[in-house]
Amino acid sequence: MKARDLVSVYRDLLAHYGPRHWWPADTPFEVMVGAVLTQNTSWTNVERALDRLRGVVVLEPRAIVALPVDVLADALRPAGYYNVKERRLRALCQWVVDRGGLETLHRMETRALRTALLGVHGVGPETADDIVLYAFGRPVFVIDAYTRRLFARLGFVRGQETYEGLRARFERALPRDAALYNEYHALIVEHAKTTCRTKPVCDACILRACCRAGSSFGRRGRKRVTVIAGE
DNA sequence: TACCAGGAGAAAA
DNA sequence: TTTTCTCATGGT
């Protein structure tokens, strides 16, 4: 993956959509909650769940941990997988409490913070990186389904790359800059939501090459990617 | 009606 | 170690 190609895509997206001012949350802790709830789920459903959650509890780790299981699960219902996400959100909140709160976490070195997050039940690489980047402002590039899909269509991704391998490629090709990674990922999400969403060829796509490459996906959005164009 | 949507953990092979 | 299955609601 060539650095100038990645920078070029970024410039095109930024010129078209403008700064996105992400992540859509008021506090770092709200970012953490949203990162769990958005797993395999659209953001509109996450917002419904967040609204319901605010209706039963203040968004603080200790308060959420204190909620009965059925109350928390019911609040998360609109985000889907509510029983799974109840356990995952509770585990994340308990971890924050056990670590001494967000202030303590803010003092951790980036790699240590990321590793610690990956040890929390329900926090995989993408969720950890969402949190590290958007809640803690650290320079890690988030590789989500939108990112894979876009760069597969552009021919930058061959498929089968591991999450860590792909993240490393992006971080090697771009300046180590949290603000840049923040904006880039936000623009990728905006692009995915507005164009190229349901069909492999999209007339409205501003990244014309993105639609020429083509791609195929397995059922339920599994990351089985076929890339026609070369790197 | 069927498929898709910003994953991750557990079980099976 | 890798692959498959499961979890669930809401929109198109």
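Below, chain A is the first sequence line, B the second, and so on; all start at residue 1.
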(message) Closest-nucleotide mapping onto DNA chain B: is A/W22 or A/V120 further toward the 5' terminus? I mean the 5' end.
(response) A/W22

(message) Taking the six-membered ring for Trp, are A/F141 and A/H185 closer than 6.0 Å centroid to centroid?
(response) no

(request) Please check if the distance between the ring centroids of A/Y181 and A/F170 is under 6.0 Å. (result) no

Between [atom2] on [N] and [atom1] on [X], what's the gap in Å once rounded to a whole number?
X	N	atom1	atom2	value
A/W43	B/dC4	CH2	P	24 Å
A/L37	B/dA5	CG	P	19 Å
A/N83	B/dA10	CG	C1'	16 Å
A/K85	C/dG10	NZ	C1'	12 Å
A/D74	C/dT9	CG	P	11 Å
A/E126	B/dA5	CD	P	13 Å
A/Y81	B/dC4	OH	C1'	10 Å
A/E47	C/dG11	CD	C1'	15 Å

(message) Say we look at B/dC3 and C/dC5: how far apart would their P atoms be, to the nearest angstrom?
(response) 15 Å

Short side-chain N/O contact to [N] OP1/OP2 from [X], under 4.0 Å:
X	N	result
A/T127	B/dA8	yes
A/R148	B/dA5	no
A/R149	B/dA5	yes

Minimum-distance nucleotide (side-chain atoms of [X] versus [options]):
X	options	result
A/H121	B/dG7, B/dA10, C/dG10	B/dA10
A/N40	B/dG7, C/dG10, B/dA8	B/dG7
A/R77	C/dT9, B/dG9, C/dG11	C/dT9

(request) Taking all non-hydrogen atoms of both residues into account, name the closest pair between A/Q39 and A/T127 and its distance. (result) NE2-OG1, 2.9 Å

(message) Quick check on DNA chain C: between A/T41 and A/R48, whose nearest nucleotide comes earlier from the 5' end?
(response) A/T41

(request) Can you establish whether the number of heavy atoms outside A/R54 located under 6.0 Å from its atom CZ is more than 12? (result) yes

(message) Counting the atoms with a prime plus P, OP1 and OP2 as sugar-phosphate, which does A/V46 contact under 4.0 Å by heavy atoms, base, sugar-phosphate, or nothing?
(response) nothing

(request) I would like to know whether A/S42 and A/K193 meet side chain to side chain donor-acceptor pair (under 3.5 Å); could you show each step before the answer? (result) CA-CA 10 Å; A/S42 65; A/K193 285 161 65 178; over 6 Å; no

